[in-house]
2 protein chains.
Amino acid sequence: MKSAPQQENPSALPASSSPAASQPLPAGLDAMLCFAIYGAAHAFTRTYKPLLEPLGLTYPQYLVMLTLWEDDASTVKQLGDRLGLDSGTLSPLLKRLELSGLVTRKRNRQDERQVNVHLTDAGLAMKQQAVGVMSAIGQATGCTRDEANAMLEELVALKERLLKAGE
Amino acid sequence: MKSAPQQENPSALPASSSPAASQPLPAGLDAMLCFAIYGAAHAFTRTYKPLLEPLGLTYPQYLVMLTLWEDDASTVKQLGDRLGLDSGTLSPLLKRLELSGLVTRKRNRQDERQVNVHLTDAGLAMKQQAVGVMSAIGQATGCTRDEANAMLEELVALKERLLKAGE
DNA sequence: CGTAATTAGATTGTGCGCAATCGAATTGCG
DNA sequence: CGCAATTCGATTGCGCACAATCTAATTACG
């Protein structure tokens with residue numbers, strides 16, 4: 001550890017307040033990447049809320065539906081792996097989706113530990129409405145395709161590095 | 001609405017699966033910027049957890065402490081404005097911090113609707129330990145200073161656009 | 001084959017985040 | 001000045017996220 005030069009890294013260290021150029025650098029909390037991501041994530045949730053309300057969905061439920069539209073009859077574990085959520089979050093969430101009539105949960109015949117989550121007709125039909133949601137969100141972000149893709153790749157790479165650092 | 005050309009925006013629209021170059025573009029959920037941010041935010045929380053455990057803090061509590069180290073005796077409203085959280089979140093959170101002996105909450109004499117949140121000696125002293133946390137997080141992200149700053153600025157701008165779109 | 005180890009999903013408990021609501025205090029306006 | 005409107009923080013209610021735990025089922029290994 002001592003042989004490796006300590007890399008000064010700004011993602012969590014508050015930047016100094018000295019102006020490097022014509023524009024002062026943000027200091028403290030505002031210089032922390034994690035806080036910017038925290039803020040952006042909450043902003044997305046808030047932006048989604050009125051759009052998803054007519055569908056009767058919360059944002060995490062929407063993510064689950066998106067996953068099922070891609071891969072209907074996924075197991076709880078597959079949903080969890082896909083979304084980075086555990087069964088503590090998914091079980092009650094899926095129960096509520098089932099109560100809403102959007103999905104059904106069925107024990108897998110081959111491996112009875114597994115539960116497959118199937119879309120109902122109503123769940124399938126909802127996919128059409130999701131197009132409007134995606135369109136509205138796309139506009140709300142004010143990003144071009146290239147901008148969004150660039151950010152997305154950086155964020156995914158960051159996530160992977162963080163998860164790897166925690167192993 | 002009809003006169004404005006519909007801008008195709010990838011931040012929420014699943015990208016097509018056709019390879020544009022040597023590397024296939026992610027499709028569906030993986031093409032959604034909001035999901036990348038959701039994932040990165042959770043990854044940060046997870047990365048922070050073992051680092052903050054010795055301090056007895058959760059990540060949101062840590063953000064509050066950071067804010068108070070910057071501006072001791074902030075009101076609940078100021079904390080909320082700073083962190084984008086409402087009193088429903090902050091009141092119980094601050095209560096727990098008070099129970100931990102890190103802060104005290106006092107009614108403001110000039111305007112009794114307000115409550116000022118003061119750091120205790122223990123709360124002040126904890127700032128030293130936070131340096132280690134920041135350092136570890138900085139390393140875990142694997143970002144250079146310039147990379148982190150660039151991402152941070154984009155994310156902040158995105159957050160502002162999202163919040164503005166919701167008005 | 002039998003048993004220990006592992007897996008899968010549900011549950012319990014805790015903290016977080018937000019909408020709605022409330023009571024008290026302050027501000028704004030006629 | 002009196003009262004309506006607004007502000008502030010606390011509370012209630014609900015859904016989310018995760019750690020720990022549990023039961024049942026499956027896999028691994030001697």
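Per chain, numbering begins at 1; letters A, B, ... match sequence-line order.
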Take atom [atom1] of [X] and atom [atom2] of [N], then tell me their distance rounded to the nearest Å.
X	N	atom1	atom2	answer
A:Asp81	C:dT7	CG	P	12 Å
A:Asp111	D:dA25	CG	C1'	7 Å
B:Glu112	C:dG23	CD	C1'	13 Å
B:Gln110	C:dT26	CD	P	10 Å
A:Leu83	D:dA17	CG	P	9 Å
B:Leu85	D:dG9	CG	P	13 Å
A:Asn108	D:dA25	CG	P	13 Å

Value rounded to 0.5 Å, distance of CG in A:Leu79 from CG in A:Asp86:
12.5 Å
CG of B:Leu163 to NZ of B:Lys159, rounded to nearest 0.5 Å, is 6.5 Å
OP1 or OP2 of D:dA17 sitting under 4.0 Å from any side-chain N/O of B:Tyr38?
yes
For nucleotides 9-15 of chain C, just jot down a letter per nucleotide in 5' to 3' order: B, S or -, based on protein non-hydrogen atoms under 4.0 Å.
BBB---S
B:Tyr38: ring pair (Phe, Tyr, Trp, His ring centres under 6.0 Å) partners, not counting sequence neighbours
A:Tyr59, B:His42
With sequence neighbours left out, what residues match A:Leu119 under side-chain contact (heavy atoms from CB on, under 4.5 Å)?
A:Met65, A:Leu68, A:Trp69, A:Asp72, A:Val103, A:Leu124
Would you check if the side chain of A:Gln129 reaches a backbone N or O of A:Leu55 as a donor-acceptor pair within less than 3.5 Å?
no
Closest approach of B:Leu66 to B:Met134 (non-hydrogen atoms, all atoms of both residues)
CD2-CE, 3.5 Å
Applying a 4.0 Å non-hydrogen cut-off, can you work out what A:Glu53 is touching in the nucleic acid: base, sugar-phosphate, or nothing?
nothing
